[in-house]
Number of protein chains: 2
Amino acid sequence: MHERVSADRGAIDPVPLDHEAKALEAPAEHAAELRLWLRLLTLTTMIEGEVRRRLRERFDVTLPRFDLMAQLVRAPDGMTLSDVSKRMMVSNGNVTGLVERLVESGHVDRRVSETDRRAQVIRLTEEGRAAFRAMAVEHEAWIAEMLGGLDAGESEALMGLLGTVKASTRAAIDANARPRTDRNAATGGPR
Amino acid sequence: MHERVSADRGAIDPVPLDHEAKALEAPAEHAAELRLWLRLLTLTTMIEGEVRRRLRERFDVTLPRFDLMAQLVRAPDGMTLSDVSKRMMVSNGNVTGLVERLVESGHVDRRVSETDRRAQVIRLTEEGRAAFRAMAVEHEAWIAEMLGGLDAGESEALMGLLGTVKASTRAAIDANARPRTDRNAATGGPR
DNA sequence: GCCTGATATTTGAAGCTTAAAACAAGCCGC
DNA sequence: GCGGCTTGTTTTAAGCTTCAAATATCAGGC
């Protein structure tokens with residue numbers, strides 16, 4: 001069945017009643033979470049859109065390319081495409097195309113791994129590094145400007161709360177992704 | 001992460017902007033905002049990705065279509081494409097294509113406005129409404145599950161903090177979008 | 001050596017997304 | 001009612017993104 005991830009931390013839970021019928025569940029129960037999610041999404045969309053717009057306007061570069069370069073700048077020894085894919089939380093195929101274009105524009109260098117002939121190791125070129133540094137300076141200022149409405153204490157509090165949500169989100173995702181402990185089942189089923 | 005790279009061998013640095021001096025004077029100060037932004041983005045990406053995955057798996061529907069239907073369900077009298085575009089914070093052209101596919105699949109009804117022959121008024125069809133209701137029930141549960149790590153007080157606090165950031169973000173965007181001609185302001189020209 | 005399963009990447013199809021230009025219709029001052 | 005500005009929508013080109021299938025390589029067991 002379904003594991004109930006309880007969030008009660010010692011507090012009295014007023015009548016852990018009816019999770020009976022989905023069709024009858026009170027919308028008011030989850031309204032707070034929905035509003036929270038909506039606000040989170042709206043805020044992120046706003047910031048992301050503005051960053052995208054400014055990157056294009058000031059540097060004629062797309063946000064995904066900037067993000068990819070931001071990953072690479074921290075890895076002077078390079079990363080494989082899989083690494084990048086995991087870090088950026090996008091699909092492998094996506095990274096393939098992105099890297100292709102960055103190699104083409106001279107920002108990224110790509111070579112076959114010396115230890116694994118399946119893998120590609122990519123690095124920033126010198127031009128790529130220089131270009132990214134220039135962009136990063138402004139990008140940092142933009143973020144500070146947009147997120148500047150909080151004092152230090154609020155900032156820390158927000159960081160912590162987001163961390164909490166991140167943890168529960170990860171738990172929810174993991175719980176959902178692992179419904180089968182048995183992994184042979186070669187007799188049929190989808191795929 | 002970032003050192004004081006003194007690659008600038010000219011007078012690039014000496015803080016020319018009075019009203020932004022505060023934001024530019026302490027680079028170390030920006031690390032907190034960057035981390036905050038990164039966490040915000042990561043969290044949103046995680047949730048969004050999982051919702052997209054489940055919508056596809058359970059209902060064979062894409063997230064943008066679900067979002068559009070979520071807008072329409074609140075407007076029984078319909079909305080114009082422009083309205084939808086603003087509410088969803090996506091481009092007009094985007095909405096055109098999205099609506100096209102939703103009309104095709106029978107979820108949305110589209111007709112020319114009676115008061116403005118330029119405008120299209122779109123509504124959910126009965127099928128669209130039914131389909132959305134079914135999806136919304138589960139969607140709500142998913143969100144509650146993922147965001148369930150907070151108690152009521154934390155939830156409220158997070159809501160408030162996000163609101164604060166949203167306000168400062170909007171201010172930053174508005175300020176940037178206004179290239180005053182009457183004022184001598186630096187228009188971002190070459191320095 | 002040869003299977004078998006896992007990992008790294010690419011490819012292909014479909015759809016999403018944006019920016020910019022084109023087009024259509026409303027609005028307004030004269 | 002004629003210009004000229006604004007607003008609503010579509011179109012186009014380019015790029016992003018996912019999922020699923022295909023390819024290639026690796027790592028062990030025999």
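Below, all heavy atoms of this structure are taken into account, side chains as well, without hydrogens, waters or symmetry copies. A, B, ... follow the sequence lines: proteins, then strands. Residue 1 opens every chain.
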> So what does S85(A) hit on the nucleic acid, given a heavy-atom distance under 4.0 Å: a base, only sugar-phosphate, or nothing?
Replying inline: nothing
> If you check the N94(A) side chain, which of dA25(C), dC16(D), dA8(C) turns out closest?
Replying inline: dC16(D)
> Will you find, in the side chains of N92(B) and S85(B), an N or O donor that is under 3.5 Å from an N or O acceptor?
Replying inline: yes
> Which listed nucleotide (dC19(D), dT11(D), dT17(D)) is nearest to the side chain of R53(B)?
Replying inline: dC19(D)
>> What's the closest nucleotide to the side chain of V90(A) if the choices are dT18(D), dC19(D), dT10(D)?
In response: dT18(D)
> Are T115(B) and S113(B) linked by a side-chain donor-acceptor pair shorter than 3.5 Å?
Replying inline: yes
> For D116(B), which contact category applies under a 4.0 Å heavy-atom criterion: base, sugar-phosphate, or nothing?
Replying inline: sugar-phosphate
> Can you tell me how far P of dT18(D) sits from CD of E48(B), to the nearest Å?
Replying inline: 10 Å
> Could you give the CZ-to-C1' distance, from F66(A) to dC16(D), as a whole number of Å?
Replying inline: 17 Å
> Distance from D77(B) atom CG to R123(B) atom CZ, nearest 0.5 Å?
Replying inline: 6.5 Å
> Within the pair R56(A) and dT18(C), is there a side-chain N or O less than 4.0 Å away from OP1 or OP2?
Replying inline: no
> Is T96(B) touching bases, backbone alone, or none of the nucleic acid, heavy atoms closer than 4.0 Å?
Replying inline: base
>> Rounded to the nearest 0.5 Å, what separates atom CG in L63(A) from atom CD in E50(A)?
In response: 12.0 Å
> Quick one: which of dT9(D), dT25(D), dC16(C) gets closest to the side chain of N92(B)?
Replying inline: dT9(D)
>> Using whole Å, what does the distance between atom P of nucleotide dT18(C) and atom CD of E57(A) come to?
In response: 17 Å
> Roughly, in whole Å, what's the span from CZ in R101(B) to C1' in dA14(C)?
Replying inline: 9 Å
> When we call it a touch if two heavy atoms are under 4.0 Å apart, what does S91(A) touch: a base, just sugar-phosphate, or nothing?
Replying inline: base
>> Determine whether a donor-acceptor pair (one donor, one acceptor, N or O, separation below 3.5 Å) exists between the side chain of R118(A) and the base of dT9(C).
In response: no
>> Which nucleotide wins on minimum distance to the side chain of L98(A), given the candidates dC16(D), dG8(D), dT9(C)?
In response: dC16(D)
> Are more than 12 heavy atoms from other residues, nucleotides or ligands located less than 6.0 Å from atom CZ of R129(B)?
Replying inline: yes
> Checking all strands, does S113(A) fall into the base, sugar-phosphate, or nothing category for heavy-atom contacts under 4.0 angstrom?
Replying inline: nothing
> Base, sugar-phosphate alone, or nothing: which one does T80(A) contact when heavy atoms must sit under 4.0 Å apart?
Replying inline: sugar-phosphate
> Can you tell me how far P of dT18(D) sits from CZ of R65(B), to the nearest Å?
Replying inline: 17 Å
